[in-house]
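Remarks on the structure that follows.
The chains referred to below are lettered A, B, ... by the order of the sequence lines, with proteins before strands, and numbering in each begins at 1. Predicted model, so just to flag it, every value in this text is computed and none were measured.
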Amino acid sequence: MKIASIAWKEVVTTIRDRRAFLFMLAFPIVLMLILGSALSNAFTDSLSFDELKLAYTLEDQASPVESYWNGFSTSLASSGVAATALSAEADGQAAVKNGEYAAYAKIGSDGIAFYGSSKLTVESDILQAMLASFANRYSLAMAAASQAPDALPSLLAAAGSGTYVRETSLTADRAPNSMDYYAMAMSTMIAFYACMSATQLFRSEKLRHTALRLTAAPLSKGELFAGKIIGSTVINFVFVIAVVAFSRFVLGAEWGSHYGSVLLLLFTEVLLAVSVGVGASYLFKSDGGSSVVMMVTQIFSFIGGAYFPLSGMTGWWVWVAKLSPLYWINNALARIIYSDDVQAMWPTLLLNVILSVLFLSLCAAFMRKKEAL
Amino acid sequence: MNVLDIRNVTKTFGDFAAVDNMSLSVREGEIFGFLGANGAGKSTTIHMVSSLLKATKGDIEILGKNIAKFPRFAKANIGIVPQDLAIYEQLTAYENVRFFAGLYGLRGSLLQERTEEALEFVGLGDKAKSFPKSFSGGMKRRLNIACAIAHRPKLIIMDEPTVGIDPHSRNYILQSVRKLNEMGCTIIYTSHYMEEVEEICTRIAIVDHGKIIAEGTKEQLKAIVTDTKEIWIGVRSEEGVGIEALRSIPGIVSARIDDGMIKLQSKAEINNLNEIIQQLIRSRADIRSVEEQAPNLESVFLTLTGRNLRD
Amino acid sequence: MELWMIGGKASLLFYVVAATCFLSGPGSAWDIFACLLYLILNVAMLLFPRRSLSAALLLLSSSLIVLCAARLSPEYALLLPPNLLELAELRTRAEEAKTHAPLKLALPLLLALVPLPFLPKELMPLYAFAAALSLLLFFGLRAERNKLSRMEHARDRMKADLERLTRALGENEAYRRQSEYTSKLEERNRLSQRIHDEIGHSMAGALIQMEASRRLLESDRAKSAELLGNAIAISKEGLERIRLALKDIKPKAEELGIHRLRLYADELSARLGSSVATTVTHQGDLDAITPLQWKIIQENATEALTNALKYSGATVVGIEVNVLNRFVQSIVSDNGVGAAKVVKGLGIAGMEERAASVGGTVVVDGTRGFRVTTLLPREGG
């Protein structure tokens with residue numbers, strides 16, 4: 001019962017502390033909004049262009065390429081490519097350099113010479129791919145015609161028309177967009193921020209002189225310790241739930257369908273954070289603990305992927321990232337949310353709990369030794 | 001029955017002995033004053049009694065039970081009013097008292113009842129739902145007291161409960177201390193204000209450098225330095241003043257007249273001013289001024305420790 | 001002591017982790033779990049000094065190791081020796097007195113070797129190696145601990161000896177003073193004897209002469225006058241002797257008390273040149289101070305003065321003796337550097353002891369130069 005009332009007091013005082021409230025709720029939500037919308041480009045998998053401008057010259061008007069090309073250019077027009085025929089004297093390359101066209105193709109009987117723009121790289125890449133597939137089909141048609149010359153016209157017509165862009169997605173159907181990613185990253189980050197308030201858990205009592213009352217009361221250090229840890233974990237977990245709920249229902253972020261596992265994982269993370277915070281406050285004298293924890297939290301957040309996704313990282317960076325609890329947790333969460341891999345929760349969960357127990361027993365040992373709080 | 005027994009207690013921090021082989025007993029029903037300058041060892045003693053510090057040597061007993069062996073019993077019977085405000089700014093007055101009383105094992109309706117009672121007692125009944133932020137210094141001090149008494153301790157330790165507050169609140173607190181005492185609480189009171197201690201304490205100990213250098217009722221303490229008081233009476237004319245007659249008044253130790261000033265030395269405990277004045281009137285002396293200088297605690301403290309309490 | 005054992009365990013654990021998780025392919029989650037659990041159990045052991053609890057934790061940890069060795073990987077058995085040895089240690093400590101020396105050696109050895117036959121062959125030498133190292137560490141620690149406790153005993157004994165000798169020294173000193181005092185008493189005795197012998201005899205002689213003179217007053221006037229003259233002469237002589245004897249006694253009052261303090265202070269100033277000014281003041285009725293109290297005041301003042309002059313760099317030292325209504329108060333104060341926190345040395349302890357012998361206290365204040373106050377309750381007050 002005494003444990004409960006200490007926990008209750010911890011919860012109430014934290015809720016009524018406006019700064020903590022703002023810090024733990026407004027801060028992650030604002031960051032989520034800013035990072036989620038500012039970095040949306042980094043996550044998108046579609047690009048749109050007004051018009052792909054292609055210039056071309058047919059060197060040999062009489063060759064079978066011509067009829068074939070005509071079919072191709074009409075189908076190009078329907079795909080949003082504006083193909084302009086240049087006269088043989090015009091300098092197509094200069095036009096591309098000036099940015100008038102995205103690419104210039106010189107079509108001869110022995111092949112296509114392609115000049116892409118170095119400024120509009122994406123457009124020129126697309127055009128190059130289209131022309132390459134045109135060339136392939138053309139040579140295929142020519143090879144077929146050599147076997148059956150009669151069929152040449154119809155083959156050519158078929159080769160010229162049709163679609164040259166096939167949509168194939170490289171990524172899975174369910175990949176996070178920026179808001180999804182930052183909703184998760186900010187939630188795990190804010191869960192870990194619990195360690196900052198945890199460093200003040202016992203110090204604040206000393207500063208407020210209430211430590212004296214708590215020690216004078218018929219209350220074992222264990223009860224006080226348990227009550228404070230429980231209270232702090234609960235209230236910080238409530239903040240995390242609020243952030244998760246806000247991201248889910250207001251921002252529409254993706255949290256998958258295994259809410260139980262997600263929340264359980266976040267809970268153990270809060271517990272770990274609180275243990276680390278309390279541990280630091282015992283290891284370092286005076287205010288040293290909170291500044292160390294502040295720095296460590298920032299570093300963990302940074303290398304753990306709170307500010308930018310780590311999917312593109314390779315090499316030593318991954319090794320560094322693995323040191324951050326946020327990395328393990330973000331990874332586990334991503335697998336639960338996007339791959340329905342609930343089992344991914346267990347290693348991280350166990351690690352969190354065991355590390356918490358280690359830190360807490362260290363603190364308990366310190367506490368037993370000390371005379372006062 | 002002694003509420004508190006301190007026997008040969010020493011507390012050292014490193015080489016420094018903050019409390020040095022101190023022995024002290026507080027009997028039930030006393031308001032025990034603890035006088036000492038800053039750093040004299042008062043707070044350390046109080047902290048040891050309330051289990052905040054462990055004695056390096058010696059025994060402390062609360063109601064006859066050793067606090068090292070029965071810490072819960074000792075703690076449950078003590079209420080401590082710390083020198084610094086020890087309340088939560090984020091909790092209302094009611095919640096503050098309730099939280100601390102809850103730590104003493106009170107539950108449910110009893111907890112509620114005692115909380116309200118304690119708030120009423122310090123005159124904050126109507127402010128129960130307010131936050132301490134809106135309180136004056138005196139009200140905060142009173143809340144500080146309420147937090148310590150809700151569990152009805154046998155021994156209340158008040159460490160400078162009146163620091164930095166207005167006279168009205170101070171009077172209120174002193175009244176409360178008396179009332180608590182009448183209700184059966186034994187009280188240990190420390191203060192920098194000699195007048196307060198002199199006013200309310202039934203027994204006083206003077207502490208200096210971790211030692212009790214004198215202990216007793218205020219009369220006993222005053223008698224340490226001298227048991228006489230000086231009475232100076234200014235008269236217009238030295239003629240006709242019967243010095244011999246004055247000498248024969250009970251309690252008078254010596255009498256002389258010096259430049260229009262009758263200087264009498266009298267036993268401090270005898271009130272003979274009336275007889276002296278009557279004698280002077282009978283001998284038709286023309287009295288201009290009467291001045292009595294009895295020993296006070298301040299001077300006792302100064303004599304014994306060589307410094308003022310507020311140094 | 002414990003730290004060494006922890007170190008031993010940690011290095012074994014490192015080896016086991018390396019062996020299970022890195023050398024023979026990546027370890028499973030169970031391996032990590034087992035290692036962490038082992039860590040927790042062994043850290044928890046340090047938290048609980050109660051023997052029953054540590055024993056329970058040790059047993060738990062040992063069974064965990066056995067389980068891991070059986071189910072996960074036999075390398076875990078390497079962690080076993082320290083735990084078994086600790087168990088043996090708990091047992092021997094429990095029966096410290098009863099256990100014989102050979103058993104003390106044999107029990108840990110046997111315990112550590114018990115698991116050997118159950119291990120796979122290729123692990124046997126490794127286990128024997130680990131067990132041997134743990135045993136050496138264990139025996140080394142035990143020897144160290146025994147040595148430490150022996151030395152502690154020796155130190156305690158020496159401390160007691162020192163105390164006893166100090167006390168004896170103090171007693172001898174007291175004896176010396178006592179004999180000094182006794183010799184003074186003897187002196188006084190001799191004096192009174194002298195008064196009695198010489199003055200008494202001469203008075204008696206004078207009386208006899210006078211008596212005879214009265215008898216002869218009528219019959220032989222000349223003889224009577226002669227006898228009377230003799231009597232007068234004898235009386236005169238006696239009176240002179242009384243004066244002399246009294247003169248012998250008189251200086252004693254000067255030697256004691258405030259005069260002696262003054263004398264001592266002057267002597268000290270003289271010895272130290274003119275750099276330190278000493279003053280002696282007093283207030284109240286000095287007659288109320290008993291000789292014993294004077295002695296204490298004198299000795300404490302000497303001690304305090306010596307300290308003040310030695311350490312504080314003072315230029316003015318004041319000695320003050322006040323007779324209050326209930327207390328006799330002597331204060332030695334200086335204007336030197338003082339000390340924010342006074343650390344009690346032997347000198348102060350000595351002063352306290354002296355004061356305590358008559359129910360008084362000594363307060364040393366270092367905030368504004370040193371100020372040593374000796375408070376002695378007045379006798380009969």
Side-chain angles (χ1 to χ4, degrees), chain B residues 8 10-24 36-41 44 56-57 205-229 253-254 265 267-269 294-295 299-308 310-311, chain C residues 281-285 288 304 317-335 338-381:
Chain B
N8 303 100
T10 298
K11 175 73 192 177
T12 51
F13 298 106
D15 278 342
F16 172 67
V19 171
D20 190 358
N21 199 18
M22 183 186 282
S23 293
L24 178 75
N38 280 333
T44 309
T56 314
K57 258 190 262 170
I206 294 179
V207 197
D208 194 26
H209 291 275
K211 295 174 183 173
I212 291 188
I213 48 177
E215 183 194 337
T217 63
K218 49 185 173 248
E219 287 75 23
Q220 285 168 337
L221 285 187
K222 285 177 193 164
I224 281 177
V225 172
T226 169
D227 55 358
T228 60
K229 60 184 175 188
V253 178
S254 72
Q265 229 183 357
K267 292 260 179 227
E269 71 271 18
S299 66
V300 172
F301 191 86
L302 180 64
T303 310
L304 289 181
T305 68
R307 48 183 174 175
N308 283 312
R310 258 165 274 180
D311 274 358
Chain C
T281 54
H282 66 91
Q283 201 184 355
D285 178 15
V317 182
I319 304 176
E320 205 180 316
V321 178
N322 298 324
V323 180
L324 309 173
N325 193 35
R326 297 267 192 272
F327 282 107
V328 176
Q329 182 188 43
S330 94
I331 303 168
V332 178
S333 52
D334 64 48
N335 64 348
K341 284 192 171 172
V342 179
V343 174
K344 238 200 239 179
L346 276 175
I348 297 176
M351 289 195 268
E352 277 177 348
E353 235 164 74
R354 281 194 282 270
S357 68
V358 292
T361 48
V362 171
V363 175
V364 183
D365 177 55
T367 47
R368 282 164 297 185
F370 272 109
R371 182 188 150 100
V372 180
T373 310
T374 308
L375 269 177
L376 307 172
R378 271 178 70 168
E379 248 150 60

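- How far CG of Asp20(B) is from NE2 of His209(B): 11.0 Å, rounded to the nearest 0.5 Å.
- A donor-acceptor pair under 3.5 Å is absent between the side-chain atoms of Thr10(B) and the main chain of Lys57(B), judged by distance alone.
- Partners of Glu320(C) under the side chain to side chain donor-acceptor pair (under 3.5 Å) rule, at least two apart in sequence or in another chain, are Asn322(C).
- Around CG of Asp285(C), the count of heavy atoms belonging to other residues, nucleotides or ligands within 6.0 Å exceeds 12.
- Formation of a donor-acceptor pair under 3.5 Å by the Thr217(B) side chain with backbone atoms of Gln220(B) is found in this model.
- Residue contact with chain B, scored on non-hydrogen atoms closer than 4.5 Å, involves the side chain of Thr367(C) exclusively.
- Applying a 4.5 Å heavy-atom cutoff, the residues of residues 348-360 of chain C that approach chain B are Glu352(C).
- Only the backbone of Ile212(B) has a heavy atom closer than 4.5 Å to any heavy atom of chain C.
- Distance alone, capped at 3.5 Å, places no donor-acceptor pair between the Thr226(B) side chain and the Asn325(C) backbone.
- Across all their heavy atoms, Val323(C) and Ala288(C) have their closest contact at CG1-CB, 4.1 Å.
- Contacts of Thr305(B) with chain C are made by backbone atoms alone, with heavy-atom separations under 4.5 Å and no side-chain atom involved.
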